[in-house]
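Note: hydrogens, waters and symmetry copies are ignored here, and every other heavy atom, side chains too, is used. Keep in mind it's a predicted model, so treat the numbers as computed, not measured. Letters go in sequence order (proteins before strands), and every chain restarts at 1.
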Number of protein chains: 2
Amino acid sequence: MKKDKQGCDTQTCMVCRLCMKEWLPAVEAGSQHFTYRKGQELFKEGDAVEGIFFIYKGSVKVHKHWDGEKELIIRFAKKGDIVGHRGIGTEAVYPVTATALEQVTVCYFDITFWEASLKVNHQLLYELMLFYARELQESERKMRNLAHMPVKGRIAQALLSLEKKFGRNENGFIDFALSRQDLASYIGATYETTFRMLQEMIQEHLIVMSGKEIAVADETKLLRLCELPANK
Amino acid sequence: MKKDKQGCDTQTCMVCRLCMKEWLPAVEAGSQHFTYRKGQELFKEGDAVEGIFFIYKGSVKVHKHWDGEKELIIRFAKKGDIVGHRGIGTEAVYPVTATALEQVTVCYFDITFWEASLKVNHQLLYELMLFYARELQESERKMRNLAHMPVKGRIAQALLSLEKKFGRNENGFIDFALSRQDLASYIGATYETTFRMLQEMIQEHLIVMSGKEIAVADETKLLRLCELPANK
DNA sequence: TCAGGTGTATGATCTATATCATAAATTTAA
DNA sequence: TTAAATTTATGATATAGATCATACACCTGA
C-alpha cells in the first residue's frame with residue numbers, strides 16, 4: 001500500500017456526492033488516498049476495523065474464507081463503490097477480506113471521522129441505510145441461489161449481474177476481467193465444475209468466450225436458467 | 001389477519017425504544033396492531049411493500065422460495081424484532097415471505113409513516129443502519145457456510161445461534177419449537193438429510209432431543225464442527 | 001370418533017458436484 | 001529470456017446429499 005498525496009475529485013464517492021457542500025472541506029481533510037498493487041489486501045478478515053474505503057480507481061474482490069483454503073467471493077467493487085462498511089456495527093473486526101484485482105486507488109476515511117459524518121449528515125446516513133438494505137436483499141438472494149439453484153443457473157445469474165454492473169466493452173464482452181477461479185469462488189463452486197459448465201454453455205450458444213473475456217450471447221435463455229432447474 | 005384495537009406498551013419495539021419521547025404520540029397514532037393465526041402470512045414475496053412490522057408476540061419465519069416448492073428460511077423473528085424492512089430500498093416489493101409460526105401479534109407502521117419517522121428521527125435511522133449492517137454480516141456468514149460448510153456443521157451452527165437467540169427453557173432445551181422441516185429449510189438442506197444428521201449427532205452425544213425439542217449437549221464439539229469439516 | 005392432513009421416520013437409489021491427478025499454456029518475476 | 005508460478009484444461013473417481021418410496025404417529029377439525 002502506498003500513500004498518495006493528491007486529492008480526489010470530490011465527485012466519485014458517495015460521501016462527496018451526498019454530503020452537504022459545507023461538509024466537503026471536512027471530507028477532504030478527513031480523507032487519505034492510498035494505492036494498492038494487484039493482489040494486495042486493503043484489509044483482512046479479522047483485522048481491527050480502522051476505516052472505510054471508497055474505490056477511486058480499479059476493482060477489488062470482497063471475500064470470506066472457511067477452513068483455510070476455501071474462498072467465497074461476496075462481491076466485486078469498482079469505482080465509486082464502498083468497501084469496508086461491513087466492519088461497522090457489532091464487532092470491531094472486518095468479517096471479510098478485500099483484495100485488489102488490479103492497480104487500485106482508494107479514498108480512505110478513518111472510522112472516527114466516518115462515524116462523525118454519519119452523525120452530522122442525515123442525508124448521507126439515509127443513503128447509507130438504503131445501500132445496506134439493497135446489499136442485504138442481494139445477499140439473501142444469492143444465499144437462496146446457493147441453496148437451491150444448480151451451478152449452471154448460478155453462473156447464468158452471475159454473468160447477467162456482472163454484465164449489468166460492469167457493462168460491455170467495444171466487442172460486446174463483459175467489461176471486467178476475472179479469472180475462472182474467481183468466477184468459481186463467486187458462485188460458490190469449484191474451479192473444475194465451473195469450467196465444465198462454461199464449456200457446456202458455449203456449446204449451447206448461451207455465452208461466448210475469448211480468452212478471459214466472456215459475453216452473454218442469449219440473455220433470454222440465461223434468464224430462464226435463473227428461474228428453472230437446468231433440465232426443464 | 002385480525003385488526004386489534006388495543007395499543008402496544010410503547011416499549012417492545014425498536015421504534016418505541018429509540019424515538020424521542022416527543023415522537024411517541026405520533027408513533028401510537030401511526031401504528032396499528034394485527035394478529036395472525038399459525039400459518040398465516042404477514043406478507044408474501046412479490047407483494048407491494050406497504051408497511052413494516054414489529055413482532056409484539058409470537059414468532060415468524062422469514063423465507064424465500066425458488067422453483068415453486070424449494071424454500072430457504074432466512075431468519076426467525078421473535079418479540080421485538082423487525083420484519084418487512086427488506087422491502088425498503090430499491091424495489092417496491094417484498095423479496096421474502098413472512099409466515100406466523102404460532103399465534104402472532106404485530107405492531108404495524110404504514111410505509112409512509114415509517115419513512116417520515118426516519119427522516120425526522122436521526123437516532124432511529126442510525127440504529128436501523130446498524131441493524132442492517134449486522135443483518136448483512138450475518139447473511140454473508142450464512143452464505144459462506146452454505147457454500148463451504150457441510151450439512152452437519154450448518155446444523156451445529158444453526159442450533160448454537162438459535163440457542164443464543166431464544167435461550168433455554170427450564171429443561172435446558174432451546175426455547176423455540178421448530179419442525180424438522182423448518183430446521184432443514186433454515187440450513188438449506190432437505191428434510192431427510194437433516195434428520196439423518198440429527199440422528200448422528202445424537203449418537204455422538206453432541207445434542208439431545210425429546211420430541212420436537214432440541215438441546216445442545218456438547219457446545220465445544222459443536223463449535224469445532226463450525227470451524228472444521230466433519231472428519232478432522 | 002373418524003378422516004385427512006401434517007410431521008416423523010427410514011431404507012434404497014441416484015446424481016450433481018467435489019476431489020484427485022496431470023499437463024499444457026500463459027503470466028509474472030527475477 | 002529463462003525460470004517459477006499461476007491459470008487453464010481435461011479425464012477418472014469418489015461422495016455428500018438429493019430424490020424417491022413407503023409407513024406410521026399425531027394432531028385438528030368436522
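Following rounding to the nearest Å, B:K38 (NZ) and C:dG5 (C1') show an atom-to-atom distance of 12 Å. Atom CD of A:E200 is separated from atom P of C:dA16 by 10 Å (rounded to the nearest Å). To the nearest angstrom, C1' of C:dG7 lies 11 Å from CZ of B:F195. Going from atom CG of A:L72 over to atom P of C:dA18 covers 12 Å, rounded to whole Å. Distance, A:I155 CD1 to C:dA16 C1': 13 Å, rounded to whole Å. Protein atom CD1 of A:I187 is 9 Å distant from nucleotide atom P of C:dT17, rounded to whole Å. Separating the CD atom of A:E192 from the C1' atom of D:dA9 is a distance of 10 Å, rounded to the nearest angstrom. Look at CD on A:Q181: it is 16 Å from C1' on C:dT26, rounded to the nearest Å.
Residues passing the ring pair (Phe, Tyr, Trp, His ring centres under 6.0 Å) test with B:Y108 are B:F34, B:F53, sequence neighbours excluded. Looking at residues two or more places apart in sequence or on another chain, you find a ring pair (Phe, Tyr, Trp, His ring centres under 6.0 Å) between B:Y186 and B:F76.
Note on A:K70: a side-chain N or O is less than 4.0 Å away from OP1 or OP2 of C:dT19. The side chain of B:R180 places an N or O atom within less than 4.0 Å of a non-bridging phosphate oxygen (OP1 or OP2) of C:dA9. Listed pair B:K212 / C:dT8 meets the phosphate criterion, a side-chain N or O lying under 4.0 Å from OP1 or OP2. For D:dA18, the OP1/OP2 oxygens have a side-chain nitrogen or oxygen of B:T193 closer than 4.0 Å.
Geometrically, B:K78 engages B:F166 in a cation-pi contact defined by less than 6.0 Å to the ring centre and at most 45° from the axis.
One distance of note links OG1 of B:T97 with NE2 of B:H65; it measures 4.5 Å at 0.5 Å rounding.
For the residue pair B:E213 / B:N171, no side-chain donor-acceptor distance below 3.5 Å is found, with atom types taken as modelled.
When each of D:dA18, D:dT10, C:dT17 is scored by its nearest atom to the side-chain atoms of B:T190, the top-ranked nucleotide is D:dA18.
For the pair A:S179 and A:R196, both in contact range of DNA chain D, the more 5′-proximal nearest nucleotide belongs to A:S179.
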